[in-house]
Enquirer: 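First the structure, then my questions, so here it is.
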Protein chains: 2
Amino acid sequence: MLCYIHLYILKKSGSLIKDYFIFVGKLMKYCKVNFTFMDVNSYMDGKEQLERVRERVIETIAKNMNLYGITDSIGRLYGMLYFHNQPMTLDEMKEELGMSKTSMSTSVRTLMDLKMVEKVWKKGTRKDLYLAEEDWHQTFIDFFSIKWRTGISMNIAAMTKSIIELERLEKSEEIDEEVRSAAKVDITKMKAALSYYEWLNRLVDSFESEEIFDFIPKNKEEL
Amino acid sequence: MLCYIHLYILKKSGSLIKDYFIFVGKLMKYCKVNFTFMDVNSYMDGKEQLERVRERVIETIAKNMNLYGITDSIGRLYGMLYFHNQPMTLDEMKEELGMSKTSMSTSVRTLMDLKMVEKVWKKGTRKDLYLAEEDWHQTFIDFFSIKWRTGISMNIAAMTKSIIELERLEKSEEIDEEVRSAAKVDITKMKAALSYYEWLNRLVDSFESEEIFDFIPKNKEEL
DNA sequence: AACTTTGTACAGTAAAAACTGAACGTACTG
DNA sequence: CAGTACGTTCAGTTTTTACTGTACAAAGTT
C-alpha cells in the first residue's frame, strides 16, 4: 500500500518538530518511509499566505496596544478591523474572533471611546457598523489627549489646593519649626510637580493642535 | 450627666454625614443634645494637617500613575518616597505602607526598571537604600523611552517582514486577481503603519535627546 | 398589536494579577 | 566557622479583571 502523509510544521514551534520526529520514528518500525522536505510556502496558496501574514501583523499590533494598557482581545479586534476594509457588524466580529457578542459590544465601545473606531451608517441594514480609524497619527493624538487630560487637570487641582493649604500652615504662628520646614520642602516639591503638569499640558496642546508635526514631521523627508 | 461627643466627619464621604445624622436622631430620643459645628482644621495640629495633605497628594499621584499602567500600590510607594526626603529601606517602606516586604521588594524593582527610583549607598548600613527620582520631566522621558522603544522596533520588524512577503506574493503570477488586489491594499496599510512607527521613533528620539524641550520649554516663561 | 431583530445590562464564572509568608541563598559579623 | 541580617524566590491565597450567557429594552417589521 502506498500512502502519502503531509505534515505541515510551523517553524516557530520547536516542540512540534520534535514530536514529528518521534512520530516518524514509530512509523518506521512498521512501514518503509520516504522523506521529502519541502518549503511550506509553495504548498500554500496565495489567500492562505495573505491570511497568515495578516494574522501575524494583527498579533503584533495587539501586543503593542497591550503596552498602552489595552487588552489583547481589544487590540486584536482593532487590528482585525484595520485590515478588514469594509465596516463590520458585531455579529461578524463575533464570528471572526470566536468571542461572545457581549464582548464585542463592550470592546468596540472601548475603542470608540478612544476614537480608534467609528460607527458608520449604511442604508438598508439595521445593524450597527463599525470602521477602524486608519490614521495612526490621529489615533495617537486622540489616545493621549483623552487619557491624559483628565489626569492632568485633576493633579493640577490637587496640587494647587495642597500648596495653598500648606502655605497657610507655613505662615501660621502656632506650629513648631520642624513642621514649618517640612511644609516648606513639601511646597517646593509640589510646585515642581505643578510645573511638570503644566509642561505636560502644553505637550498635549501641541498634539491636539497638531503643532507637534511642525517639530516632528510625519514624513522623514519633510524639512 | 454631661457628656461631650466629638465627631470628625470627612467632607468627601456623603454617606458618613447621613449616618451621623441618623445616629444623632436616635441619640436625641434619650438625651438633650447640643450641636456645635466646628472647622475640623482648627482641631488638627500642624503635623497632622501636613500628613493629611501629603496623603491626599500621594493618592492623587498614585491615581495618575495608574493611568500609565502602574499599580496603585506601586504608585503610592513612589509618591511616598517622593515626599520622604531621606532614602528608605525596604523595612521602612513596609512599615510605612503596611505591606509585606516581598511586595516592597518587587515594587521597588519595578520603579527602578522605570528609573523612577534609584538605589543609593550609605556607609554603615547593610540595608539597601532607595531614593525617588525627583525630576518628573526626566521620569517622563525615561518612562516612555523604556516602554516604547522595544515595542516600536518589534513592530517595525514585523511590518517590514510582512511587506516584503506580500510584495513577493503580489508579484507572483500564480495567484488570482482578488488576492493580488487584497495584498496591494494590505501593503499600503502596512506602509502607512510603518511610517507612523518611524514618526513615533523620531518623537522618542526628541525625548531622549531632550530636544523636545526646545519645542515645549520646561517653563512657561521661556521663549 | 404581536413578533423579530439588535444591542446592552447584569450576574455569574473563568482567568489573571497582586499580594503574602515561609523558605532559601548570600553576604556580613563575631 | 557558626550565627545573623538581608533581599529574593516560590507556592499558595486573595483580589481584580475579563469574559460569557441569559434576560431585557428599544426599534423595526408584519
Side-chain angles (χ1 to χ4, degrees), chain A residues 58-59 61-81 86-114 116-132 147, chain B residues 58-59 61-81 86-114 116-132 147:
Chain A
I58 289 173
E59 205 53 43
I61 291 171
K63 219 178 283 167
N64 187 57
M65 287 172 71
N66 204 3
L67 225 98
Y68 296 78
I70 294 174
T71 319
D72 272 44
S73 312
I74 297 181
R76 230 172 287 123
L77 175 61
Y78 175 79
M80 197 261 288
L81 285 168
Q86 277 78 43
M88 275 180 106
T89 67
L90 290 181
D91 284 308
E92 284 167 347
M93 296 175 204
K94 170 191 140 128
E95 200 58 37
E96 186 74 27
L97 296 179
M99 288 177 76
S100 72
K101 200 174 174 181
T102 309
S103 280
M104 295 302 97
S105 176
T106 54
S107 298
V108 103
R109 175 146 54 170
T110 307
L111 288 171
M112 290 230 297
D113 290 345
L114 295 170
M116 297 184 75
V117 155
E118 59 171 353
K119 199 187 262 193
V120 296
W121 186 86
K122 199 179 145 189
K123 207 175 108 182
T125 178
R126 276 163 62 191
K127 299 192 182 191
D128 292 353
L129 288 163
Y130 300 93
L131 197 60
K147 256 204 148 176
Chain B
I58 289 172
E59 205 53 44
I61 291 172
K63 218 178 285 169
N64 187 57
M65 285 172 71
N66 205 3
L67 223 97
Y68 295 80
I70 294 174
T71 319
D72 271 44
S73 312
I74 297 182
R76 233 172 285 125
L77 175 62
Y78 175 79
M80 198 261 287
L81 285 168
Q86 277 78 42
M88 277 181 105
T89 67
L90 290 181
D91 284 308
E92 285 166 349
M93 297 174 204
K94 169 192 139 130
E95 200 58 37
E96 186 72 26
L97 296 180
M99 289 178 76
S100 72
K101 202 173 175 183
T102 309
S103 281
M104 294 303 98
S105 176
T106 53
S107 298
V108 103
R109 176 147 53 171
T110 306
L111 288 171
M112 290 231 297
D113 290 345
L114 295 170
M116 298 185 73
V117 154
E118 58 171 353
K119 199 189 263 192
V120 296
W121 185 85
K122 199 180 147 191
K123 208 175 107 182
T125 178
R126 276 163 63 191
K127 299 191 181 189
D128 293 351
L129 288 164
Y130 300 92
L131 197 62
K147 255 203 149 179

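Residue numbers start from 1 in every chain, and the chains themselves are labelled A, B, ... in the order their sequence lines are given, proteins ahead of strands.
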Enquirer: Between B:M93 (CE) and D:dG7 (P), how many Å, whole number?
Expert: 9 Å

Enquirer: Of the options D:dT8, D:dT22, D:dC6, whose atoms approach the side-chain atoms of B:S105 most closely?
Expert: D:dT8

Enquirer: Over all strands shown, is A:T89 touching base, sugar-phosphate only, or nothing at heavy-atom distances under 4.0 angstrom?
Expert: nothing

Enquirer: In whole Å, what is the span from the CG atom of B:L90 to the C1' atom of D:dG7?
Expert: 7 Å

Enquirer: Could you go through residues 116-125 of chain A and list every donor-acceptor pair under 3.5 Å that involves a side-chain atom there, pairing it with any protein atom two or more places apart or in another chain?
Expert:
residue	atom	partner	partner atom	Å
A:K119	NZ	A:D128	OD2	3.3
A:T125	OG1	A:K127	N	3.2

Enquirer: Need one value for A:T106: base, sugar-phosphate or nothing, where a base atom within 4.0 Å counts as base even if backbone is also close, heavy atoms only.
Expert: nothing

Enquirer: DNA chain D: B:Y130 or A:M99, which has the more 5' nearest nucleotide?
Expert: B:Y130

Enquirer: Return the value, rounded to whole Å, for the distance between atom CG of A:D128 and atom P of D:dA27.
Expert: 12 Å

Enquirer: In whole angstroms, how far is the P atom of D:dG21 from the NZ atom of A:K94?
Expert: 8 Å

Enquirer: Ignoring hydrogens and geometry beyond distance, is the side chain of A:S100 in donor-acceptor contact with the base of D:dG21 at under 3.5 Å?
Expert: no

Enquirer: Calculate the interatomic distance between B:K101 atom NZ and D:dC10 atom C1'; express it in whole Å.
Expert: 17 Å

Enquirer: Looking at every strand, decide which applies to A:S73 at a 4.0 Å heavy-atom threshold: base, sugar-phosphate, or nothing.
Expert: sugar-phosphate

Enquirer: Nearest to the side chain of B:R126, which nucleotide is it out of D:dT29, D:dA5, D:dG7?
Expert: D:dA5

Enquirer: Under 4.0 Å from any heavy atom of chain A: name the first and the last nucleotide of DNA chain C that qualifies, 5' to 3'.
Expert: C:dT4 to C:dC10

